[in-house]
S.K.: 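Okay, here's the structure, questions in a sec.
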Amino acid sequence: MDAKIVNALIGSVYETIKSVLRVDPKLGKPSVVPHIEIPHSMVTVIGVTGSIEGSLIYSFSSETALKVVSAMMGMEYGQLDELAMSAIGELGNMTAGKLAMKLETLGKHVDITPPTVVSGKELKIKSFGTVLKLPLSVFSNEDFDLHLSVKSGG
């Protein structure tokens, strides 16, 4: 995967989490992996179309999801209801939007799809193309997983 795209992703994730959740995330080492493994029970998927085709996928536990929602709302939030799911999707949407703007400066025009938020046990996602994994530590050690799956253009 093109290093400029990887750097655009890293910058987008860092800037979004820092501004929206008001936390300095620690980004792990990005790596190309053979497939997407989802170790957590909450997943947000945003499609990317245009010069680059693929998906941006966030994954974290229900406990971390509640911390995300609480940070976004500026108050303690204790249930994963419709409002919480919307906030979780919006975090992914903001990250993907920032990524789209950074890619535009690289001459790659992309559009993003509305976020889809899924929760459950033993979630599996099949993706085609190159998969970049970026582990994140936001509230605790590696409590977020982020994958960028690029089918073409990356």
S.K.: Is there a continuous path of hydrophobic side-chain contacts, each under 4.5 Å between heavy atoms, that joins V131 to L103?
M.R.: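 In one cluster with V131: L103, no.
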S.K.: Would you mind reporting whether L146 and I57 have side-chain heavy atoms less than 4.5 Å apart?
M.R.: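 No; the side chains remain at least 4.5 Å from each other.
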S.K.: Just grab all the side chain to side chain donor-acceptor pair (under 3.5 Å) pairs involving residues 113-126, residues at least two apart or on different chains.
M.R.: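 Every candidate side chain to side chain donor-acceptor pair (under 3.5 Å) pair involving residues 113-126 fails, so no pair, neighbours aside, qualifies.
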S.K.: State plainly whether one hydrophobic cluster holds both L136 and I38, where clusters connect Ile, Leu, Val, Met, Phe, Trp and Tyr through side-chain heavy atoms under 4.5 angstrom apart.
M.R.: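 No.
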S.K.: Is D145 reaching over with its side chain to a backbone N or O of S59, donor-acceptor style, under 3.5 angstrom?
M.R.: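 Side chain of D145 to backbone of S59: no pair is present.
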S.K.: Do V6 and V110 sit in the same hydrophobic cluster, where Ile, Leu, Val, Met, Phe, Trp and Tyr count as joined when their side-chain heavy atoms come under 4.5 Å apart?
M.R.: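 Yes, one cluster joins them.
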S.K.: Hydrophobic cluster membership, with links at side-chain heavy-atom distances under 4.5 Å among I/L/V/M/F/W/Y: are V13 and I36 in one?
M.R.: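 Each belongs to a different hydrophobic cluster.
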S.K.: Report yes if the side chains of D143 and F60 come closer than 4.5 Å at any heavy-atom pair, otherwise no.
M.R.: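 Side-chain contact under 4.5 Å: no.
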S.K.: Got F144 and L91 here, is their nearest side-chain heavy-atom distance under 4.5 Å?
M.R.: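 The answer is yes; the side chains approach within 4.5 Å.
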S.K.: Considering residues at least two apart in sequence or located in another chain, which fulfil the side-chain contact (heavy atoms from CB on, under 4.5 Å) criterion with S61?
M.R.: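 So S61 forms a side-chain contact (heavy atoms from CB on, under 4.5 Å) with H40, E63, T64.
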S.K.: Between S137 (side chain only) and E142 (backbone N and O only), is there a donor and an acceptor less than 3.5 Å apart?
M.R.: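 Yes, because the side chain of S137 sits within donor-acceptor range (under 3.5 Å) of the backbone of E142.
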S.K.: Could you give the distance from NZ (K98) to CD1 (I112), rounded to the nearest 0.5 Å?
M.R.: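 Here the rounded value is 12.0 Å.
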S.K.: Okay, side chain of S51, backbone of K108: is any donor-acceptor separation there less than 3.5 Å?
M.R.: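 Answer holds: no.
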S.K.: Do M101 and I52 sit in the same hydrophobic cluster, where Ile, Leu, Val, Met, Phe, Trp and Tyr count as joined when their side-chain heavy atoms come under 4.5 Å apart?
M.R.: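 Each belongs to a different hydrophobic cluster.
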S.K.: List for me each residue that meets side-chain contact (heavy atoms from CB on, under 4.5 Å) alongside H35, sequence neighbours excluded, and say none if there are none.
M.R.: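 Counting only residues at least two positions away or on another chain, H35 forms a side-chain contact (heavy atoms from CB on, under 4.5 Å) with E37.
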S.K.: Side-chain contact, heavy-atom cut-off 4.5 Å: H147 with L134?
M.R.: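 With C-beta onward as the side chain, the pair stays apart.
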S.K.: For a quick test of reading the model, state the closest non-hydrogen atom pair linking S41 to S62 and the distance between them.
M.R.: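 Taking S41 first and S62 second, the nearest heavy atoms are OG-OG, 3.1 Å.
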S.K.: Between the main-chain N or O of K4 and the side-chain N or O of N7, is there a donor-acceptor pair closer than 3.5 Å?
M.R.: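 Pair absent, no side-chain N/O of N7 close to backbone of K4.
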S.K.: Just jot down the side-chain contact (heavy atoms from CB on, under 4.5 Å) partners of A71, sequence neighbours excluded, or say none.
M.R.: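 Here the qualifying residues are L21, F139.
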S.K.: Have a look at I88 and tell me which of N93, V117, L83, L66 forms a side chain to side chain contact (heavy atoms under 4.5 Å, CB included) with it.
M.R.: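 Exactly one candidate clears the test, V117.
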S.K.: For a quick test of reading the model, state the closest non-hydrogen atom pair linking T130 to V32 and the distance between them.
M.R.: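 Scanning both residues, the minimum pair turns out to be CG2-CG1, 3.9 Å.
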S.K.: Counting only pairs under 3.5 Å, give me each side-chain donor-acceptor contact of residues 42-49, with atom names and distances, residues two or more places apart or in other chains.
M.R.:
none

S.K.: Restricting to non-hydrogen atoms, name the atom on L56 and the atom on G92 that form the minimum distance, rounded to 0.1 Å.
M.R.: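 Distance-wise, the nearest heavy atoms are CD2-O, 4.3 Å.
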S.K.: Flag the pair I10 / P30 as yes when at least one side-chain heavy-atom distance between them is below 4.5 Å, and no otherwise.
M.R.: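 Side chain of I10 against side chain of P30, heavy atoms only: contact under 4.5 Å found.
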S.K.: Scan residues 13-32 for pairs that pass side chain to side chain donor-acceptor pair (under 3.5 Å), counting only residues two or more places apart or in two chains.
M.R.: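 The answer is Y14-D24, E15-K102, K18-D24.
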S.K.: Could you tell me whether the side chain of L132 reaches within less than 4.5 Å of the side chain of V150, counting heavy atoms only?
M.R.: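 In short, these two side chains do not touch, never coming nearer than 4.5 Å.
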S.K.: Evaluate L106 against D2 for side-chain contact (heavy atoms from CB on, under 4.5 Å), listing each step before the verdict.
M.R.: CA-CA 11 Å; L106 299 174; D2 184 332; over 6 Å; no
S.K.: Going from OG on S12 to CE on M94, what distance comes out if it is rounded to the nearest 0.5 angstrom?
M.R.: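 So the OG of S12 and the CE of M94 are separated by 13.0 Å.
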